[in-house]
Colleague: 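I'd like to ask some things about the structure below.
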Amino acid sequence: MHGRPRKPSKPEDEAASAAKAQKLRALQSQFLHNHQNNIYTKEAVELSAKLLEINPESYTAWNYRKLAVEHYLSLTHSDSNPESLNSIFQEELTVAENALRQNFKSYGAWYHRKWVLSKGHSSVNLELRLLDKFQKADSRNFHAWNYRRFVAPLMNRSEEDELKYTEDMICNNFSNYSAWHNRSVLLSNLLKKKADGFLLKEKVLPEEYEFVHQALFTDPDDQSGWFYHLWLLDQTVKVDSPLLVSSWPAHGYDLMLLGDSCPSSPFTSFHSDSGTFPLVLYFNQAVEGVNSSTVSVDCELNTIKDLIWKPLSANNSQTAQVWVTQLNFIDVEPKAYPVEVSLGHSQGIISSSGFHYNHSRFAFRVCVQPVENGSAKRLGGDVMLWSDEKFHIYDAHSQESSPVISLDQLSIQNNHETTASEWRTEAIAKEIDHFRELLSLINCKIGKLTLARLLMAHDTMICPSNKTHFKEVLELYGDLMKLEPSHVQYYKDEHSLVLLQQVTSSKESLLNHCFHYRNLTSSHIGNPICLRLNNLSLSRVGSFDKLLWVQMLDLSHNELQSIEGLEAMQLLSCLNLSNNVLCSFTALEPLRSLKSLKVLNISHNEIGAHSIDTTRYLCSSPVSHSAGSEWNPGEIINADTDVKSYWEAYFILKDLNLTQLDIVGNAISDEKFKSFLIKILHALKWLDGERLH
Amino acid sequence: MTMSDPPPYPPIDPTTFDLIIIGTGLPASLISAASSATGKSILHLDPNPFYGSHFSSLSVPDISSFLNSHSAPPFNTHNENFTLTTRPLFSDVEISNFAPEILDQHLRKFNLDLSGPRVLFCADKSIDLMLKSGASQYVEFKSVDTSFVGDGDGKLWSVPDSRAAIFKDKTLSLLEKNQLMRFFKLVQGHLSNNESEESENGEKISTEDMESLFVEFLTKMKLPPKIKSIILYAIAMADYDQENMEVRKGLLKTRDGIDRLALYIASVGRLVSVLMLMLMFLAVFSS
């Protein structure tokens, strides 16, 4: 079962197994002969039983027996004697049981037994006794537990009784993943059904916490209880109905839609040549069914009809956390237009677990500015330089012309407080106390990780939190990186996400990272605001819900391997990803959704340096998934050799409207590749700082 | 059975023996069994009307008459060949009954061991000896279902002596559970390190600590008093008060304590909860 050392086989064992193989081979060939010739005589069927008793893993033999059963059933059909029916199935049960005695981890045998019982001719009363025997021999055997979940409802055994059974098994030895798992399955069902005594999560979950604590504190080194605890934490934090976390433009927003003039506030202005701008909805979980009938956008008495909503999802599914559509203000009279967005007035926005979105609405204003003739050139005409001296810290007070807008406005203040009911916060706070106590006694890695998760859960629940735990959580992840170098990447990712949450948690901390970009050679198109998150040792990016407004983003000098989630930042026009560890173009896939992107710096990464593209395994959005639907095979066959050799770069960049690209310092970047880029990027004016002709 | 009227004994024949053994306690029985196995003729006598001497378990009425009869002053039995001196087992006996009705009601439900519990660890060497000598044929073993430890206030606490028992225990706090289990693990790690010299991964108890008093070592490990007494009296089975520094009698050293815990662990295994065997003396007979 577990923890038994493997011993080298002795010569006499080897002789025995050779003899067994000899016998098995003879049986096998005889059996296959029977099977191929559809021979179902008594002797032939017995032969298959003999074979299965020696080798329960022979799937063909199990299938042969199923065919044999059907053969006999067709014969007995005329006299329809229930006795003979029973005996046919009883024989199958015996064969399966004998096989299980030989190897109780045989998939084929367990499956055959299920098949027999599902025919409904056999009594299920003996099944529990059989199971008890196997579960006594190995209490963690997941085959037996799995079969138990199948048999219990057939026997009309109540889920409450089964829950009690898991408790007994856990009391015998709590190091039992299968028992804890079965407990979580049963509890989920009971809570969903709102069975007697399981009506309220706030009653059930604290008792479960209490129960699992006994295991966690008795032996923190045993992992099985921690898995259950993680499940409990998820049950505590999870809010069933999907929520709108943020949007762009946000509620109460005054959006300056510019033709060609100076913005009054760099945060709220958006420059658009075409008079269109994206409307972004950011939910707390992936949802489906966002379309013009579930979301209505009203503007000045007219409803804007037939909006096309696009899911920003990695794998082309119709489920996504972020949805976007383009609003059109072409050729309208320059003035302010109030817009109201109403979601879920008709049902249809559904989370992946089947919960409906509750109705909500938000409103903003679009101020269309008159186009001034003869105004200066825009960004893109000039080279954009990412050097430090071009950036000046944004001082909100010095912006005499612009009313200081509240950054809190940039994200939706949802009615989070009401949904995160008191018992949840209480339960989490209690857990935090417990694990602080445990950690005061011992140095426990998984305890630290759990505490970090609990603290973050606590901070997100208490929405306008007056006391946050970012500092403590960052220290915990810092400790873990040192304690467990083998999982350093995971801890680094978590550290990065928490750091970004800290940065975006308040107006003050966010403003510390906001800079004016001033280029002397360029005109004064508004000294745009750049969010600089450079030199922060980030290995991942997150908190996109708070960053939907960003048009210029500096992520250089970090440790990014992936930019997953960046597709939500629909306003991005300038992006600096230089000096990271991006390994391939597939890692840049989110860029494909950023239609406003003009300036991109991916210099000094590791693109082309690795023969194996690990992004395909690390990232949940490998290109290979999305490629299928829109990739035209003819395109690649007819394309020239360059496209074939650089097809990944082609796939990512071909639809972008880049005017400036820096790619120097990557293994892939040679003269040949650069000339390929010039060929496919028609709007490109600057490549690696050189003006193209 | 009463002790006042012993039945008349049949005459003993033959009349000469290589060895006469008095008392049918465990050591005496082992000697007589071993001697008869080597072909000696033995007369085995017992002054009590029951077998097993003070290795026996008696019902409540029997035990009080036994206690009374064994607190008498010493007396000598004279014979032409030898003088037999019977010393009392107890210097002073005081028997009181706090709940006569309840006792009467449950009188038949239990026996009491004459001199403390005859509990042996499964892995104890004397078990091997009994099996080897054949004395085990006259002995019945019973596994201990549960053990309790009493505190000063007369309250009984179940002894959490295995991982599962600690998990289930309702009286220990979460932190106490953690401390107790960690102490068990420390001992286990120390023992497995002793077995294989090359593995240095587990913790090891220093030589200095091994020579110190066990009770002091437990204090040094920051174990709370309740857990200390569980380890000292219910698991290491110390016979004397370990915390009475004035008497300083029968104090265990850490080395002894660890040895006893090693025996305990060897008896418990890691996950099995049957740990000790209770000796039930039936009859030791030898010819």
Side-chain angles (χ1 to χ4, degrees), chain A residues 1-5 135-140 164 166-176 179-180 183 206-226 228-229 430-448 450-451, chain B residues 143 145-146 157-193 195-196 198-199 201-203 218-228 230-231 235 265 268-275:
Chain A
M1 282 153 266
H2 299 278
R4 291 186 183 174
Q135 287 188 294
K136 212 163 267 174
D138 179 0
S139 59
R140 311 201 265 194
K164 178 79 185 57
T166 64
E167 196 171 320
D168 294 344
M169 293 301 271
I170 290 165
C171 280
N172 278 343
N173 179 10
F174 61 83
S175 180
N176 190 333
W180 288 113
R183 195 169 177 82
E207 282 171 24
E208 291 304 305
Y209 274 119
E210 178 68 28
F211 186 52
V212 75
H213 285 158
Q214 311 304 318
L216 300 185
F217 278 75
T218 301
D219 193 353
D221 296 338
D222 187 274
Q223 283 188 39
S224 54
W226 291 103
Y228 190 67
H229 190 268
K430 227 184 241 173
E431 291 306 289
I432 290 172
D433 289 344
H434 273 304
F435 290 108
R436 284 224 172 102
E437 211 174 2
L438 179 70
L439 290 173
S440 71
L441 273 185
I442 54 162
N443 201 5
C444 167
K445 283 176 284 187
I446 196 160
K448 284 189 181 198
T450 304
L451 181 60
Chain B
S143 64
D145 294 329
T146 41
W157 305 91
S158 65
V159 178
D161 50 15
S162 68
R163 202 157 159 272
I166 296 173
F167 173 79
K168 273 185 280 191
D169 193 283
K170 296 252 193 295
T171 59
L172 293 173
S173 76
L174 290 174
L175 292 189
E176 284 171 333
K177 289 184 177 205
N178 185 263
Q179 288 167 317
L180 185 57
M181 190 63 205
R182 257 187 307 136
F183 180 74
F184 283 170
K185 279 192 171 177
L186 171 75
V187 175
Q188 236 161 3
H190 174 80
L191 293 170
S192 63
N193 263 354
E195 269 168 37
S196 55
E198 67 270 24
S199 73
N201 40 10
E203 286 175 86
L218 296 181
T219 313
K220 191 180 157 191
M221 300 316 293
K222 298 198 183 81
L223 294 174
K226 194 165 113 197
I227 290 181
K228 271 201 293 194
I230 287 171
I231 293 172
I235 297 176
I265 289 166
V268 177
R270 200 171 134 79
L271 305 169
V272 188
S273 55
V274 179
L275 12 131

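Numbers restart at 1 for each chain; the letters A, B, ... are given by sequence-line order, proteins then strands. Please read all numbers here as calculations on a predicted model, not as lab measurements.
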Colleague: Out of the candidates B:Arg163, B:Arg182, B:Lys177, only one should pair with A:Asp219 under the side-chain contact (heavy atoms from CB on, under 4.5 Å) rule; please name it.
Modeller: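 The single option meeting the side-chain contact (heavy atoms from CB on, under 4.5 Å) with A:Asp219 is B:Arg163.
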Colleague: Can you say whether B:Glu176 sits under 4.5 Å from chain A via the side chain, the backbone, both, or neither, judging by heavy atoms?
Modeller: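 Looking at B:Glu176, nothing touches chain A.
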Colleague: Might you work through the side chain to side chain contact (heavy atoms under 4.5 Å, CB included) test for A:Asp221 and B:Lys185, ending with a clear yes or no?
Modeller: CA-CA 11 Å; A:Asp221 296 338; B:Lys185 279 192 171 177; 3.1 Å; yes
Colleague: What distance separates B:Lys170 NZ from A:Gln214 CD, expressed to the nearest 0.5 Å?
Modeller: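 B:Lys170 NZ to A:Gln214 CD: 7.5 Å, rounded to 0.5 Å.
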Colleague: Could you pull out the closest heavy-atom pair between B:Ala164 and A:Cys171, with the gap in Å?
Modeller: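 So the two residues come closest at CB-O, 3.6 Å.
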Colleague: What's the shortest heavy-atom distance between A:Leu441 and B:Asn178, and which atoms?
Modeller: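 That would be CD1-OD1, 3.8 Å.
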Colleague: Could you report the tightest heavy-atom contact between A:Thr218 and B:Phe167, atom names first, then the distance?
Modeller: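 For A:Thr218 and B:Phe167, the tightest heavy-atom pair comes out as OG1-CA, 3.8 Å.
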Colleague: Using heavy-atom distances under 4.5 Å, tell me whether A:Ile170 contacts chain B through its side chain, its backbone, both, or neither.
Modeller: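 Both backbone and side chain.
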Colleague: Drop me the distance from B:Leu180's CG to A:Phe217's CZ, to the nearest 0.5 angstrom.
Modeller: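 Between B:Leu180 CG and A:Phe217 CZ, I get 15.0 Å after rounding to 0.5 Å.
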